[in-house]
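Remarks on the structure that follows.
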Amino acid sequence: MSTNLPAPGRIRTGGLNPDQLFHLGSAVAGSFALTWMLFERILPVTSPLGFAVSWYALFLTMYAVISATTLDRVGVVDRVVGALVATAGAVLVAVLAGIVVFITIRGKGALAHTNFYTDTLALVGPDDGLTKGGIYSAMIGTFEQVALAILISVPVGIATAVYLNEVGGRLARTVRTVVHAMSAIPTIVAGLFIYAMFIIGFDLPHWLPLLGDRVSLPRSGFAASLALSVSMIPVVITTAEVVLRLVPNGLREASLALGTSRWQTVKGVVLPTARPGLITAVLLGIARVIGETSPVLLVAGYTNALNYDPFHGPQVSLPLFVFNLARQPFDVAIARAFGAAVVLLVLVVIFFATARILGGRAPGQVSARKQRRLSARLARRQLVEGNLL
Amino acid sequence: MSALLEHAPPPPPRSDERREIHPVPPRSDRIFVGAVRTASVSTLVVMGLIGLFLLLRAMPALKVAKWHFLTEHQWLPEVNKFGVASLLWGTILIALIALAVAVPVAFGAALFISEYAPRSLKKLLITLTDLMAAVPAVVYAMWGFFWLQGHLLEVSKFLSDTFGPVLPFLRVDNPDTLSSYSSSAFIAGVAVSAVVLPTITSVMREVFSQAPVSEREGAIALGATKWGMIRTVVLPFGRGGIIGGIMLGLGRALGETIVVFLIISPMFDFTTHPLQSGTNSIAPHIALRSTESSGTALSGLLACGLVLFLFTLLINTAAGFVISRSRSGAATEI
C-alpha cells in the first residue's frame with residue numbers, strides 16, 4: 001500500500017532564501033527607523049558616526065530577534081555571524097575606496113593643470129598658484145631611481161630564484177629563510193643601512209688598491225636606488241620562485257633527456273616557459289618600491305631643482321615630493337602633494353594591473369595573439385621545409 | 001628498390017659497449033651554477049652587511065650609553081643621556097592599537113572572502129586586497145593625516161568622556177578642546193591599522209582557503225550550519241595562519257614610518273594616555289632626526305635602527321615559523 005506523499009521542494013544550498021531576505025529587510029528598516037527616532041527626536045545629540053554605529057548595533061539585535069522567530073539558537077548565531085563577516089568585508093573595500101576617492105578629490109585641483117606634469121618647483125615660490133610648478137623633476141627621479149633599482153635587483157633576484165628552484169641544496173634552504181627575513185625588514189632600516197654603509201662611507205683595506213682607499217656616496221638618486229633594491233630583491237625572489245615552481249617537471253625532464261645541459265634547460269625551457277610569471281615578479285617588485293618613502297628620505301636628499309643625474313647631487317622622487325609638500329603649511333603645497341599622490345597611486349595601479357593580467361596565465365599558456373603568431377611561424381617553417389625537400 | 005636502399009644512410013654501428021657518461025658537468029653548467037650561487041650568496045651577504053654596519057656604526061653610541069640605552073627614555077645626546085625605552089614603548093603601543101583595530105576586521109574579511117563571497121566577488125576581493133597592500137605608505141599617510149585625524153577627534157573625545165571616569169588611562173588634559181586629542185597614539189594606531197589590514201587579511205584568507213574540502217563537506221553533511229562548519233573545521237585548521245598573520249601585521253606595524261611620522265607630535269616620555277596628544281615611535285624618530293644629527297646623536301639613531309631591525313626580525317621569524325607549521329597540515333588529522 002503506497003501513500004502518495006507530496007514531493008519535497010528542492011533544498012536551496014546557497015544564497016539568500018526569501019525568508020532570510022525578509023528578515024534582513026525588516027531588520028534594516030526597523031533599526032533605521034528606531035535610530036532615526038532616537039537621534040532626531042529623543043536624544044539631544046547629532047553625530048553621523050554615532051548614528052551609523054547605533055544603527056548597526058540595533059540592526060544586529062533586531063536581525064537576531066527576528067531570525068529567532070523561525071530558527072533555533074544555532075541558526076540565529078549563524079545568521080548574525082554571517083552579517084558580521086560580510087560587514088568586515090565591506091569595511092575592507094570601503095577603506096580602500098575611501099582612500100582612493102579622498103586622494104583623488106583632493107588631488108583633482110593640481111591634476112587639472114598641464115604644467116603640473118611638465119614643470120618643476122625650482123623657481124616657484126611657496127604660495128604661487130597651481131598654474132606654476134609641477135612634478136616633472138620628481139617623475140624623472142622616480143623613473144631613474146626605480147630603473148636603477150630594477151637593474152640591480154632583477155638579475156640578482158631572478159638568479160637567486162633560479163638557484164633556489166633549479167639547483168637547490170642545503171645552502172638554498174638557508175638562503176630562502178634569510179630572504180623571508182629580509183622581506184620583513186622595515187624599509188626605514190634599509191635606508192638606514194645604505195646611510196650607514198655608503199653615505200657615511202667606509203675605509204677599504206690597503207691591500208685593495210683598485211677602488212681607492214675610501215668608499216662613500218653623496219646623498220643621491222643612486223643611493224636611493226640602492227636602498228630600494230634592498231626592499232625589492234626579496235619581493236622579486238619570492239614571487240619568481242613561486243613562478244618557477246609552477247613550470248611542469250615533465251618539461252625539464254624532457255629537455256634533459258634530449259641530452260641538454262642544465263644551463264641549456266634553464267635557458268631554453270624553464271625561463272621561456274615562466275616568462276610571463278617572471279615579468280609579474282618584476283612588476284610586483286616595482287609596484288612595491290615605487291612608493292617607498294622612508295628609505296629614500298634618508299639617502300636621496302631633497303631638491304626642488306631638476307636633476308637628471310642620479311649619481312651626483314640630491315634627487316627628488318614622487319613619494320618624497322608628496323611627503324615634503326604635505327608637511328608645508330601652504331594650501332597650494334598640500335594640493336600639489338595630493339596631485340602627486342594621485343599620480344603615484346595611478347602608477348602603482350598600472351604596474352599592479354599589468355602584473356595581474358600577465359600573472360593570471362599559467363606557465364606556457366599564451367595569449368590568443370601570441371598563439372596565432374606561433375602557429376603562423378610554424379606554418380611558414382613547414383612551407384620552407386616542404387620546398388627544400 | 002635496391003637502388004633506394006643503396007642511397008639510404010648506413011645504419012649506426014650497433015655496439016653493446018657501455019656509452020661514456022660524463023660525471024663532470026660541462027663547463028657551461030659549472031659557470032651557470034657558480035653564477036646563480038654567487039647571486040644567492042650575495043643576498044646573504046647583504047643581509048649580513050645590514051646587521052654588521054648597523055652594529056658597527058651604532059657602537060660609539062652604545063659605548064657611551066651602555067645598557068642605559070635600553071632603559072633611558074630621554075633623547076639628549078648632547079649630554080649623553082639618550083635611550084630607546086620611550087621610543088620602543090611608543091612603537092609597541094601604536095602597533096598594538098593598530099592590531100586591535102585591524103585584526104577583527106581582517107579576520108572577518110578573510111572569512112568573508114574565503115567562505116561567504118560568491119566566486120566572482122571572491123576574485124575581485126582578492127585582487128582588491130592585494131592592491132591595497134601595494135598602495136604606498138605615503139598615500140595612507142595623506143589619508144590618515146588629512147581625513148582620518150579630523151574624524152577620529154570626535155571618537156577620541158567620546159571614548160574619553162564615556163570611559164575615562166572608569167578607565168583612567170583614557171583621560172586627557174583639557175578634555176574640552178578637540179586639539180588635545182590630535183596627534184595621539186590612538187589616531188596613529190588607527191591609521192596604521194589600515195596599512196596592516198590587507199597584509200593580515202591575505203595571510204588569513206590563504207590559510208582558511210586551504211582547509212580540507214572533505215572535512216568541510218563532512219561537517220555540512222552532519223548538519224552543521226556554515227558558522228558551525230567554520231568553527232569546527234576552518235578555524236582549528238587555520239589557527240597557525242591566524243597567529244602568523246597577526247604577527248606579520250605586528251612586524252609591519254612596528255616598522256611603519258611615514259604614516260606615524262605625519263600624524264604624531266613627538267615627545268620623549270612614556271605614552272601612558274593613548275588618546276592624549278603626543279607620543280613617539282622608533283622609525284619616525286630616525287626619519288625626523290637623521291638630517292640634523294651627527295656624531296654620537298647619529299650613532300644613537302643607528303642604534304635605534306638596530307633595535308628595530310632585531311625586534312622585527314625576531315617577530316617575523318616567529319611568524320614565519322608559525323605559518324609554515326600550519327601550512328604543513330600538522331594541525332589537521334584526516
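The basis for the numbers below is simple: all heavy atoms, side chains too, and nothing from hydrogens, waters or symmetry mates. Here is the naming used below: chain letters follow the sequence lines, and residue numbers restart at 1 for every chain.
Only the side chain of A/L171 has a heavy atom closer than 4.5 Å to any heavy atom of chain B. If you measure heavy-atom distances from A/V175 to chain B, the contacts under 4.5 Å come from both the backbone and the side chain. The contact between A/I99 and chain B is made by backbone and side chain atoms together, counting heavy-atom distances below 4.5 Å. Using a 4.5 Å cut-off between heavy atoms, A/L92 touches chain B through backbone and side chain atoms alike. Contacts between A/A337 and chain B at a heavy-atom distance below 4.5 Å involve backbone atoms as well as side-chain atoms. Only the side chain of A/L297 comes within contact range of chain B, with at least one heavy atom under 4.5 Å from a heavy atom of that chain. Only the side chain of A/R219 comes within contact range of chain B, with at least one heavy atom under 4.5 Å from a heavy atom of that chain. In this structure, no portion of A/R288 lies under 4.5 Å from any heavy atom of chain B. Proximity to chain B (any heavy atom under 4.5 Å) is shown, for A/V342, by neither the backbone nor the side chain. When heavy atoms are compared at a cutoff of 4.5 Å, A/Y195 approaches chain B solely by way of its side chain, counted from C-beta outward. Only the side chain of A/V266 comes within less than 4.5 Å of a heavy atom in chain B; its backbone stays farther off. Neither the backbone nor the side chain of A/I194 comes within contact range of chain B; no heavy atoms are under 4.5 Å apart.
Between A/V167 and A/V162 the shortest side-chain heavy-atom distance does not fall below 4.5 Å. Put simply, the side chain of B/M142 does not reach to within 4.5 Å of the side chain of A/R106, judged on heavy atoms.
Interface check for chain B: of the options A/G169, A/A326, A/G75, A/A287, the most heavy-atom pairs under 4.5 Å are formed by A/A326.
The aromatic rings of B/W147 and B/W143 sit parallel to each other, their planes meeting at less than 30°, with 60° as the upper class boundary.
The aromatic ring centres of A/F323 and B/F261 sit less than 6.0 Å apart. B/F146 has its ring centre no less than 6.0 Å from the ring centre of A/F102.
When only modelled atom types and interatomic distance are considered, A/S294 and A/T187 share a side-chain donor-acceptor pair under 3.5 Å. In this model, no donor atom of one side chain and acceptor atom of the other lie less than 3.5 Å apart for A/T160 and B/T43.
Both tests do not hold together for A/R336 against A/F321: distance to the six-membered ring centre under 6.0 Å, angle to the ring axis within 45°.
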